[in-house]
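Heads up: the structure comes next, in structure tokens.
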Amino acid sequence: MTLAVAAVLAVALAAGAAVLLITVRGELWQSARDASQRQADLAVTLLERTGRNGTGDSVEVNGAEVEAAPVSEAASGPSLETRSAARAAEGPKVFSFSADGRYRAQSVVDLTAAEDTLRGVLVLVATGVLLIVLLGAALTWVAVGRALAPVEAVRREAAEITANDLHRRLPVPPARDEISRLATTLNTTLDRLDRAVTRLRVFTGDVSHELRGPLTVLRTRLELALARPDGADWPQVAAEALEDTGRLQTLVGDLLLLARLDAHREPHHRQVDLTLLAHDLARRPGVTPPTDIDAPGPAPVLGNAAHLTRLLTNLLENARRHAVATVRVRVTADDHEVVLEVTDDGPGIPAEERERVFDRFTRLDDARTRHDGGTGLGLAIARSIVTTHGGTLTARPPTGPGGGARLVLRLPRAPSRSHRPDPM
């Protein structure tokens with residue numbers, strides 16, 4: 001940028017200096033011609049007053065010699081131009097004639113003073129142009145350096161930030177300019193990255209803890225059986241190992257599903273009726289306690305049928321795990337959204353826990369065991385599915401006097417279609 005500014009200044013000032021020098025040169029030369037013309041005019045005046053009739057004379061006028069003679073001498077002898085050829089070679093000439101045409105004077109324009117003045121002006125202009133270019137380049141260097149100093153500070157700080165110190169932030173310049181906004185945006189990005197890495201570390205620790213338990217139990221059972229192979233009930237050992245393996249498989253499947261939900265935010269174009277889906281899940285054999293469905297009309301949404309099935313399954317399983325006698329599902333729809341409420345008559349969710357129940361590996365006090373409380377990922381998976389579908393899932397206070405948990409699902413309603421929605 002400094003070189004560009006210096007080049008632009010040099011070209012602009014050089015062009016201006018050239019115009020200035022041409023103008024000054026023209027003025028100086030014109031002044032020299034005017035002075036010589038006045039000298040010639042004065043010489044003619046002197047000839048008229050003195051009445052000289054001789055050959056061409058050199059008349060001194062204001063310290064300068066002017067060749068002057070009667071006009072009649074031009075035909076009888078060497079011309080005035082010939083007699084003053086040596087002096088005429090020194091520069092252009094100007095002429096003057098008397099009013100009656102009897103006398104003529106010739107004066108050589110002396111450009112020596114004009115050329116000396118022009119050279120002086122040239123030196124001054126060249127020096128000024130050089131100084132201005134250097135000063136402009138220096139000011140540009142300093143100004144650009146100060147303007148880019150915050151960028152360099154941001155760059156140095158960003159280069160030192162690693163995954164182990166994501167709490168550090170970039171310096172924000174006090175000026176409210178583009179650099180300040182850039183630093184603020186980068187700090188906001190670092191905040192999100194810090195939160196994401198923190199969640200990932202916590203999630204990794206939780207996964208490690210959750211996997212260590214079933215694996216330790218499975219290893220202990222097998223080691224005890226191998227330590228006493230004759231007294232071990234191998235069918236029972238195999239059945240328990242199979243049960244532990246099933247829990248591990250369920251946990252790993254839930255983790256993989258969460259990973260896919262976190263990684264993909266694909267738009268959904270398949271229409272699913274939550275009313276039909278709720279009735280289908282409630283009618284499955286062997287489900288206890290019974291589920292009471294209150295869904296007066298269709299509730300179409302756009303989404304992934306398999307994911308929405310998993311969503312409702314998780315909500316119903318969570319309610320059945322805590323219900324005493326019954327689980328209720330209420331589905332309503334208006335022109336803009338579909339609302340599905342799942343309630344039970346169990347102990348309910350304390351107010352301070354209504355948001356934490358959606359965290360991963362969260363088990364409340366009455367459902368802490370891995371055998372009874374599941375993997376602790378059911379509601380976390382349900383909320384992730386809802387988020388990918390552009391909806392919300394919250395735990396709300398119970399509406400009835402009996403208490404219990406109340407989970408409210410809200411999803412955008414699908415636009416009307418002529419064909420029947422696909423429940424699955």
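As the structure is a computational prediction, the values presented were derived from the model and not from experiment.
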**Q.** Atom pair CG/CZ of Leu166 and Arg192 - distance to nearest 0.5 Å
**A.** 13.5 Å
**Q.** Sidechain N-carboxylate O distance under 4.0 Å for Arg155, Glu152
**A.** yes
**Q.** Stepwise side-chain contact (heavy atoms from CB on, under 4.5 Å) check, Val329 with Asp294
**A.** CA-CA 6 Å; Val329 177; Asp294 179 13; over 6 Å; no
Q. With a 4.5 Å limit on heavy-atom distance, are the side chains of Val154 and Leu182 in contact?
A. no
Q | Flag if over 12 foreign heavy atoms under 6.0 Å of CZ, Arg330 | A | no
**Q.** Main-chain N/O of Ala32 paired to Ser36 side chain as donor or acceptor, under 3.5 Å
**A.** yes
Q) Has Arg219 got more than 12 heavy atoms of other residues, nucleotides or ligands less than 6.0 Å from its CZ? A) no
Q. Can you name the nearest heavy-atom pair linking Leu407 to Phe358, along with the distance?
A. CD2-CZ, 4.1 Å
**Q.** Thr275 (side chain) donor-acceptor with Gly297 (main chain) under 3.5 angstrom
**A.** yes
Q.
Distance check, rounded to the nearest 0.5 Å: Thr309 atom OG1 versus Leu277 atom CG?
A. 4.5 Å
**Q.** Short side-chain to backbone donor-acceptor contact, Arg383 and Leu393, under 3.5 Å
**A.** yes
Q) Would a 4.5 Å heavy-atom cut-off, applied to side chains only, mark Trp141 and Arg146 as touching? A) no
**Q.** Gap separating the CG atom of Leu122 from the OG1 atom of Thr117, nearest 0.5 angstrom
**A.** 12.5 Å
Q) Once you round to the nearest 0.5 Å, how far does CG of Leu9 lie from CG of Leu139? A) 10.0 Å
Q.
Under a 4.0 Å threshold between the charged nitrogen and the carboxylate oxygen, would Arg413 count as salt-bridged to Glu337?
A. no
Q) Is there a donor-acceptor contact under 3.5 Å linking the side chains of Arg283 and Thr291? A) no
Q: Could you tell me which non-hydrogen atom of Leu261 sits nearest to which non-hydrogen atom of Ser384, and how far apart they are?
A: CD1-CB, 3.7 Å
Q.
Can a donor-acceptor pair be found, under 3.5 Å and without considering hydrogens, that links the side chain of Arg360 to the backbone of Ala380?
A. no
Q. For the residue pair Leu281 and Leu312, what are the closest heavy atoms and their distance?
A. CD1-CB, 3.4 Å
**Q.** Nearest-0.5 Å distance that lies between atom CG in Leu215 and atom CG in Asp244
**A.** 9.0 Å
Q: Spell out, as yes or no, whether a donor-acceptor pair under 3.5 Å connects the side chain of His322 to the backbone of Asn318.
A: yes
Q | Heavy-atom closest contact (Leu308 atom, Gly303 atom, distance) | A | CD1-CA, 4.1 Å
Q: Could you tell me whether the side chain of Leu340 reaches within less than 4.5 Å of the side chain of Val408, counting heavy atoms only?
A: no
Q | Flag side-chain contact, heavy atom, 4.5 Å: Val301 against Leu274 | A | yes
Q: Determine, stepwise, if the pair Arg25 / Leu28 fulfils side-chain contact (heavy atoms from CB on, under 4.5 Å).
A: CA-CA 5 Å; Arg25 180 185 179 189; Leu28 291 174; 5.9 Å; no
Q. Got Pro415 and Leu302 here, is their nearest side-chain heavy-atom distance under 4.5 Å?
A. yes
(Q) We want to know whether Arg212 and Ser208 form a side-chain donor-acceptor pair, criterion being a heavy-atom distance below 3.5 angstrom. (A) yes
(Q) Apply side-chain contact (heavy atoms from CB on, under 4.5 Å) to residues Ile381 and Leu258 and explain how you reach the verdict. (A) CA-CA 6 Å; Ile381 292 175; Leu258 276 175; 3.7 Å; yes
Q. Around atom CZ of Arg168, are there more than 12 heavy atoms of other residues, nucleotides or ligands at under 6.0 Å?
A. yes
**Q.** For the student: nearest non-hydrogen atoms of Leu118 and Leu21, plus distance
**A.** CD1-O, 3.9 Å
Q | Asn187 side chain to Leu170 backbone, donor-acceptor under 3.5 Å | A | yes
Q: Go through the steps for Leu411 and Leu409 under the test side-chain contact (heavy atoms from CB on, under 4.5 Å), then give the verdict.
A: CA-CA 7 Å; Leu411 288 174; Leu409 165 67; 4.0 Å; yes
Q | Exam field: side chain His389 to backbone Asn304, donor-acceptor pair closer than 3.5 Å | A | yes
Q. Hey, is the main chain of His336 close enough, under 3.5 Å, to the side chain of Asp334 for a donor-acceptor pair?
A. yes
(Q) Check Glu243 with Arg247, please: is the shortest side-chain N to carboxylate O separation under 4.0 Å? (A) yes
(Q) When you compare the side chains of Asp165 and Thr162, does any donor N or O come within less than 3.5 Å of an acceptor on the partner? (A) yes
(Q) How about CG on Leu131, more than 12 heavy atoms from neighbouring residues, nucleotides or ligands closer than 6.0 Å, or not? (A) yes
Q | Point-to-point distance, once rounded to the nearest 0.5 Å, from CZ of Arg169 to CG of Leu186 | A | 11.0 Å
Q.
Restricting to non-hydrogen atoms, name the atom on Leu315 and the atom on Ala382 that form the minimum distance, rounded to 0.1 Å.
A. CD2-CB, 4.2 Å
(Q) Does this structure show an ion pair linking Asp344 with Arg321, if we count only N-O contacts that are shorter than 4.0 Å? (A) no
Q: For Asn314 and Gly378, indicate whether the former's side chain and the latter's backbone hold a donor-acceptor pair under 3.5 Å.
A: yes
Q) Under 3.5 Å, is there a donor-acceptor pair between the side chain of Asp254 and the main chain of Leu377? A) no
